[in-house]
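Here the structure is a predicted model, which means the values were calculated and not measured. Naming: A, B, ... by sequence-line order, numbering from 1 per chain.
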Number of protein chains: 2
Amino acid sequence: MVTGRAASPPTQANAEDPIVFVIDDDASVRDALSNLFRSVGLRTVAFGSAHEFLQHKPADVPSCLILDIRLPRLSGLDFQAELAKAGIHIPIIFMTGHGDIPMTVRAMKAGAVDFLTKPFRDQDMLDAVTTAIDRDRNRRDEAKVLANLRAAFATLTPRERQVMTLVTAGLMNKQVAAEIGVAEITVKIHRGQIMRKMAAKSLPDLVRMAGILGIGRASGGAQT
Amino acid sequence: MVTGRAASPPTQANAEDPIVFVIDDDASVRDALSNLFRSVGLRTVAFGSAHEFLQHKPADVPSCLILDIRLPRLSGLDFQAELAKAGIHIPIIFMTGHGDIPMTVRAMKAGAVDFLTKPFRDQDMLDAVTTAIDRDRNRRDEAKVLANLRAAFATLTPRERQVMTLVTAGLMNKQVAAEIGVAEITVKIHRGQIMRKMAAKSLPDLVRMAGILGIGRASGGAQT
DNA sequence: GTTGCGACTAAACCTAAGTATGGTCCTCCC
DNA sequence: GGGAGGACCATACTTAGGTTTAGTCGCAAC
């Protein structure tokens with residue numbers, strides 16, 4: 001249910017399979033969780049501290065993080081904040097033996113997937129992990145699309161970017177030309193170059209790309 | 001800070017001002033909160049039960065709801081679920097004297113703005129209300145735009161909708177014509193009609209509308 | 001100092017888009 | 001049975017979009 005693969009025999013590890021990371025200073029907790037996740041065919045990597053987790057090279061597959069709110073050095077909440085500040089957006093599931101409501105609120109506001117109180121039912125943890133992995137998969141997919149678009153956009157010259165902004169805002173070539181003070185033919189040539197570099201198959205395609213890139217918040221367009 | 005208006009003298013009520021709704025069976029809590037919100041110039045309406053709140057006609061201004069988790073009949077959480085099911089998306093701030101973490105998690109997952117434990121600091125409540133009102137304002141703005149677009153889209157004939165889908169997907173008139181089995185000139189005429197009815201100022205404009213309306217999940221477009 | 005590149009432009013040419021005007025055919029409704 | 005409106009199409013015309021070829025200018029790197 002959690003992955004698409006058979007649960008019972010720990011099948012061959014696949015580089016595409018999601019990973020569950022566990023951070024807890026209690027070895028017995030780490031073992032119990034590892035066993036739980038392995039029993040449903042999920043790859044699991046456990047750490048005794050936040051520091052160790054950071055040493056580990058970031059996995060390039062959908063993953064999530066199980067975190068005890070009470071960590072050796074810094075609190076789970078602070079670690080969550082640090083990850084966010086560092087641009088690491090792995091979904092987090094908190095566990096706690098004696099947490100309180102303000103902690104819970106802070107964690108959830110900061111985007112935590114769930115906040116489980118010990119002892120919790122295995123199924124609750126597995127459900128949370130499923131949600132977290134799905135969320136990460138979506139996030140990664142979107143990030144990938146965005147990265148590709150940004151890479152393409154980076155190959156545009158300043159002038160081409162300017163033209164792309166105005167064209168996707170709905171201005172006609174003639175209007176773009178007047179706006180930036182060049183001849184219409186020049187705009188056409190820039191435009192062709194933009195379509196090629198961005199690999200846009202049509203103007204609507206380019207408009208959608210601009211939307212994803214957050215370009216040109218202008219409202220309207222051209223009047224005839 | 002909470003509203004844009006002076007706090008001290010309870011100025012004239014304005015139909016555009018946001019409203020804070022309070023539901024609590026304890027009259028002293030209702031009074032205390034009403035006083036707090038009035039002191040910063042916020043319109044406040046208090047109720048003793050969820051039922052009374054539902055009797056009240058829904059306000060057409062940005063608003064939020066302060067809810068005790070323990071309500072006379074049904075719990076605050078259940079009421080939250082009911083509102084969601086009824087399509088009422090007012091942001092909710094929960095208060096509780098003796099809540100627990102699972103309740104908190106459930107409320108936050110369901111979109112609650114905050115979850116305050118009594119006794120709370122006035123400022124925490126005011127901050128939560130500010131956030132909630134802002135969130136509702138944005139939601140309302142987006143809903144309004146969407147409603148207008150849907151109204152315009154509803155005036156399109158079936159054929160026009162079909163053409164709009166294909167055109168915003170990036171097909172050329174010629175390709176649209178082949179796709180639906182009509183002459184190119186017919187597509188052009190539909191297209192002009194679409195631009196008029198949707199009040200789109202340009203093709204990019206129409207593409208954005210289609211995006212908001214969730215039309216045409218096709219990826220690409222036309223090849224030359 | 002020349003090579004590469006971004007920016008710009010003209011001329012010529014072709015395709016796509018858009019707007020009348022005028023008309024047919026069909027269906028639903030009063 | 002006589003609209004009203006949706007869908008369709010042709011002819012004619014105008015404007016917009018886009019490519020190719022060919023060339024100028026300026027600047028920065030080698």
Novice: Under a plain distance cut-off of 3.5 Å, with no hydrogens placed, do B:Gln123 and B:Asp127 share a side-chain donor-acceptor pair?
Specialist: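 Result is yes, a qualifying pair exists.
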Novice: With a non-hydrogen cut-off below 4.0 angstrom, is B:Ile189 in contact with a base, only sugar-phosphate, or nothing?
Specialist: base
Novice: Could you check how far CG of A:Leu206 sits from C1' of D:dG17, rounded to whole Å?
Specialist: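 Value for this atom pair: 14 Å.
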Novice: Given atom CZ of B:Arg191 and atom P of D:dC9, what is their separation to the nearest angstrom?
Specialist: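 Distance, rounded to whole Å: 17 Å.
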Novice: May I ask you to test the A:Val176-A:Arg191 pair for a side-chain heavy-atom distance under 4.5 Å?
Specialist: no
Novice: Starting the side chain at C-beta, find the nucleotide from D:dC8, C:dA7, C:dA12 nearest to B:Thr186.
Specialist: D:dC8
Novice: How long is the line joining CG of B:Leu171 and P of C:dA16, in whole Å?
Specialist: 13 Å
Novice: Would you mind classifying the nucleic acid contact of B:Thr157 as base, sugar-phosphate or nothing, using non-hydrogen atoms under 4.0 angstrom?
Specialist: sugar-phosphate
Novice: Dump the intermediate steps for side chain to side chain donor-acceptor pair (under 3.5 Å) on A:Gln55 and A:His51, then the final yes or no.
Specialist: CA-CA 6 Å; A:Gln55 300 305 122; A:His51 182 70; 3.3 Å; yes
Novice: If we ignore hydrogens and angles and just use 3.5 Å, is the side chain of B:Lys201 paired with the main-chain N or O of A:Gly170 as donor and acceptor?
Specialist: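 No; zero donor-acceptor contacts below 3.5 Å.
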Novice: I want to check one thing: is the phosphate of D:dG6, taken as OP1 and OP2, less than 4.0 Å away from some side-chain N or O of B:His190?
Specialist: no
Novice: Taking the side chain of B:Lys188 as heavy atoms from C-beta outward, which of C:dA7, C:dA16, C:dG18 is closest to it?
Specialist: C:dG18
Novice: Rounded to the nearest angstrom, tell me the gap between atom CD in A:Glu184 and atom P in D:dG18.
Specialist: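 Taking CD of A:Glu184 and P of D:dG18, I get 11 Å after rounding.
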Novice: Separation of B:Met172 atom CE from C:dC14 atom P, in whole Å?
Specialist: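 The answer, rounded to whole Å, is 18 Å.
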Novice: On DNA chain C, compare the nucleotides closest to A:Ala183 and B:Met195; which residue's is nearer the 5' end?
Specialist: A:Ala183
Novice: Closest approach to the side chain of B:Ile185, judged atom by atom: which nucleotide of D:dA10, D:dC8, C:dA17 is it?
Specialist: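 Out of D:dA10, D:dC8, C:dA17, the nucleotide with an atom closest to B:Ile185's side chain is D:dA10.
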Novice: Quick one: A:Arg159 CZ to D:dC25 C1', roughly how many Å, whole number?
Specialist: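 In whole Å, D:dC25 C1' lies 15 Å from A:Arg159 CZ.
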Novice: B:Ile194 CD1 to D:dG6 P: how many Å, rounded?
Specialist: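 Roughly 13 Å, once rounded to whole Å.
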Novice: Rounding to an integer number of Å, can you tell me how far A:Gln193 CD sits from C:dA7 C1'?
Specialist: 12 Å
Novice: Measure from the side-chain heavy atoms of A:Arg196 and tell me the nearest of D:dT19, D:dA7, D:dG17.
Specialist: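 In terms of side-chain proximity for A:Arg196, the closest of D:dT19, D:dA7, D:dG17 is D:dT19.
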Novice: Nearest to the A:Asn173 side chain among D:dG17, D:dA16, D:dC8, which nucleotide is it?
Specialist: D:dG17
Novice: It should be established whether A:Lys174 places a side-chain nitrogen or oxygen under 4.0 Å from OP1 or OP2 of nucleotide D:dT15.
Specialist: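 No, outside the criterion.
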Novice: What is the ring orientation for B:Phe94 with B:Phe115, classed by angle as parallel under 30°, tilted 30 to 60°, or perpendicular over 60°?
Specialist: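 Tilted: the ring planes of B:Phe94 and B:Phe115 meet at 30° to 60°.
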